There are 2 protein chains.
Amino acid sequence: MTEARPLRRDARDNIAKLQAAALEVFLAKGLDASLDEIARTAGVSIGTLYNRFGSREGLIDAVVPEVAGSKLLVFGAGVLAKDTPRERLEEFVTGMIELQGEDPALNDAILRRYPDAVALLGICDRSIALGRDLVRDAHADGSLSPDFTEHDLFCMLWLAGIANRDPHAPANWQRVITRALDQAWTATT
Amino acid sequence: MTEARPLRRDARDNIAKLQAAALEVFLAKGLDASLDEIARTAGVSIGTLYNRFGSREGLIDAVVPEVAGSKLLVFGAGVLAKDTPRERLEEFVTGMIELQGEDPALNDAILRRYPDAVALLGICDRSIALGRDLVRDAHADGSLSPDFTEHDLFCMLWLAGIANRDPHAPANWQRVITRALDQAWTATT
DNA sequence: TCTCATCTTGAGGGTGTTCTCAAGTTAGGT
DNA sequence: ACCTAACTTGAGAACACCCTCAAGATGAGA
């Protein structure tokens with residue numbers, strides 16, 4: 001147990017400024033945004049950033065999990081509100097792709113590009129677990145073909161993730177992925 | 001018309017060494033491999049590389065189109081040997097994904113990562129044109145759903161391309177893409 | 001063998017990033 | 001008002017890449 005002395009006020013202010021700046025920049029440019037830019041946006045030197053957060057992962061974990069977590073929580077509730085296993089899984093896939101497209105930071109989180117940002121990974125895992133459950137339900141229900149595995153679902157989200165990161169992505173690439181999901185339902189209309 | 005003096009022998013030798021090295025390195029690591037490494041592999045200085053080829057694109061165009069072209073030619077013949085439009089298109093998609101997976105240089109070419117490598121782009125365009133024709137045939141034939149466009153085909157190859165470039169790609173991501181194609185056939189078994 | 005146009009060389013300048021640390025500044029207790 | 005531990009700072013080292021150019025080496029014709 002380290003005896004926790006209170007921080008000096010300038011230190012606390014700088015932490016707050018850095019967190020706000022990091023959030024802004026990470027959301028705009030993804031988790032590999034330049035730390036220099038974050039420090040500049042915060043109006044603080046790069047040294048201070050390292051003093052306070054130690055590493056990029058430290059900064060990520062201090063800032064992203066809360067925001068990403070609440071987004072995913074709301075999203076998860078929306079998904080579960082759907083009526084059938086099939087609708088839930090469809091909503092999960094299309095919704096995740098959309099979320100990832102809107103939020104480069106969340107996108108990078110799902111791609112696990114910073115495995116040392118432990119807190120963030122935990123948040124993502126919860127969402128992945130939801131997806132896994134939905135696949136199971138849809139299997140149990142008989143609506144999803146057994147040869148569509150949870151790993152396939154993960155591949156879809158991963159594909160969407162790397163697609164989002166490419167600045168030269170062609171229009172409507174999402175259709176390839178949603179089509180793949182469409183293929184996986186068992187007969188019926 | 002520039003009067004073409006013959007090159008000195010050392011110059012010609014160095015060009016040959018650089019081409020061999022470039023081919024080897026590009027095939028192994030893709031078109032964004034370090035030019036320094038290519039020069040080192042050739043046993044020649046980086047300055048000579050620039051003297052002879054002017055730029056990365058110049059080197060690419062001097063070396064990749066021939067190899068990629070003959071691969072794609074053989075591949076195209078194999079595709080056309082299939083019996084039905086559907087089989088041809090299926091072969092085209094799975095085969096291209098496989099080729100791209102085996103050959104990072106070809107993969108980068110299809111992603112058009114070096115738009116100034118004009119000769120290489122020309123080669124790729126021929127293959128893309130083949131794909132486009134196959135989509136048309138399959139449409140005409142009635143086996144491919146009209147809402148699967150040639151752009152969708154291009155998106156598939158592009159997705160495969162960026163997937164190949166990710167060293168952390170999950171296993172069997174190809175299934176997502178082939179499933180998407182499966183979805184696009186009109187009824188029947 | 002001698003000459004010189006042609007060719008090669010690699011250190012060095014430019015870019016963009018991460019991370020450090022010696023020196024300077026300041027909050028806040030006395 | 002003064003002191004000092006806590007804090008901030010930013011130049012700079014390290015890395016990895018691109019591309020250039022003045023100086024030196026050499027093939028080949030005379």
Side-chain angles (χ1 to χ4, degrees), chain A residues 2-22 25-26 28-64 104-105 108 113-117 165 167, chain B residues 2-22 24-26 28-63 104-105 108 113-117 165 167:
Chain A
T2 340
E3 187 51 44
R5 301 262 190 82
L7 288 170
R8 250 167 58 172
R9 197 165 58 231
D10 53 349
R12 279 197 291 114
D13 289 351
N14 284 338
I15 288 177
K17 282 191 262 175
L18 280 167
Q19 289 180 328
V25 174
F26 282 150
K29 313 207 174 175
L31 300 182
D32 53 358
S34 152
L35 294 184
D36 222 87
E37 182 182 349
I38 292 175
R40 236 179 304 121
T41 304
V44 138
S45 100
I46 183 66
T48 298
L49 188 157
Y50 279 94
N51 285 341
R52 293 295 144 218
F53 297 97
S55 66
R56 159 173 253 113
E57 283 78 6
L59 183 54
I60 290 174
D61 257 3
V63 140
V64 182
D108 286 347
R113 305 191 66 232
Y114 293 95
D116 293 344
R165 291 186 54 81
Chain B
T2 339
E3 188 50 42
R5 301 260 191 84
L7 288 170
R8 250 167 56 174
R9 197 163 60 228
D10 54 346
R12 278 198 291 114
D13 289 351
N14 284 337
I15 288 177
K17 282 191 263 176
L18 280 167
Q19 288 181 328
E24 178 188 332
V25 175
F26 282 150
K29 313 208 174 171
L31 299 183
D32 53 357
S34 153
L35 294 185
D36 224 86
E37 182 182 349
I38 292 175
R40 235 180 303 121
T41 303
V44 137
S45 100
I46 182 68
T48 298
L49 188 158
Y50 279 95
N51 286 341
R52 294 296 145 215
F53 298 97
S55 65
R56 157 172 255 118
E57 283 80 5
L59 184 55
I60 291 174
D61 257 2
V63 141
D108 286 346
R113 304 190 67 233
Y114 294 94
D116 291 345
R165 291 186 54 80

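Only a predicted model underlies this, so the values are computations on that prediction, with no experimental measurement involved. Letters A, B, ... mirror the listed sequences (proteins, then strands); counts begin at 1.
At the phosphate of D/dC7, neither OP1 nor OP2 sits under 4.0 Å from any side-chain N or O atom of A/Asn14. At D/dT9, one or more side-chain N or O atoms of A/Thr48 fall inside 4.0 Å of OP1 or OP2 (strictly under the cut-off).
The shortest distance between side-chain heavy atoms of A/Arg113 and A/Leu31 does not fall below 4.5 Å. Contact check for A/Phe26 versus A/Asp108: no side-chain heavy atoms found under the 4.5 Å cut-off.
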Under 4.0 Å protein heavy-atom contacts per nucleotide of nucleotides 11-24 of chain C, with B for base, S for backbone only and - for none: -------BBB----
Contact letters for nucleotides 23-30 of chain D, in which S counts primed atoms plus P, OP1 and OP2 and B counts the base, heavy atoms under 4.0 Å: ---BSS--
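Judged as a side-chain contact (heavy atoms from CB on, under 4.5 Å), and not counting sequence neighbours, the contacts of A/Ala42 are A/Lys17, A/Leu18, A/Ala21, A/Val44. Looking at residues two or more places apart in sequence or on another chain, you find a side-chain contact (heavy atoms from CB on, under 4.5 Å) between B/Arg12 and B/Leu7, B/Arg9.
Here the straight-line distance linking atom CG of A/Leu35 with atom CZ of A/Phe53 works out to 11.0 Å at 0.5 Å rounding.
Remark: P of D/dA6 and CG of A/Asp13 are 18 Å apart, rounded to the nearest angstrom. Remark: C1' of D/dC17 and NZ of B/Lys29 are 14 Å apart, rounded to the nearest angstrom. If you take CZ of B/Phe53 and P of C/dT8, they are 10 Å apart, rounded to a whole angstrom.
Judged as a side-chain hydrogen bond (donor to acceptor under 3.5 Å, both in side chains), the pairs with a partner in residues 37-55 of chain B (not counting sequence neighbours) are, in order, B/Lys29-B/Glu37.
Between the two ends of the helix from C/dT1-D/dA30 to C/dT30-D/dA1, each summarised by a five-pair axis, the helix axis turns through 30° (rounded to 10 degrees).
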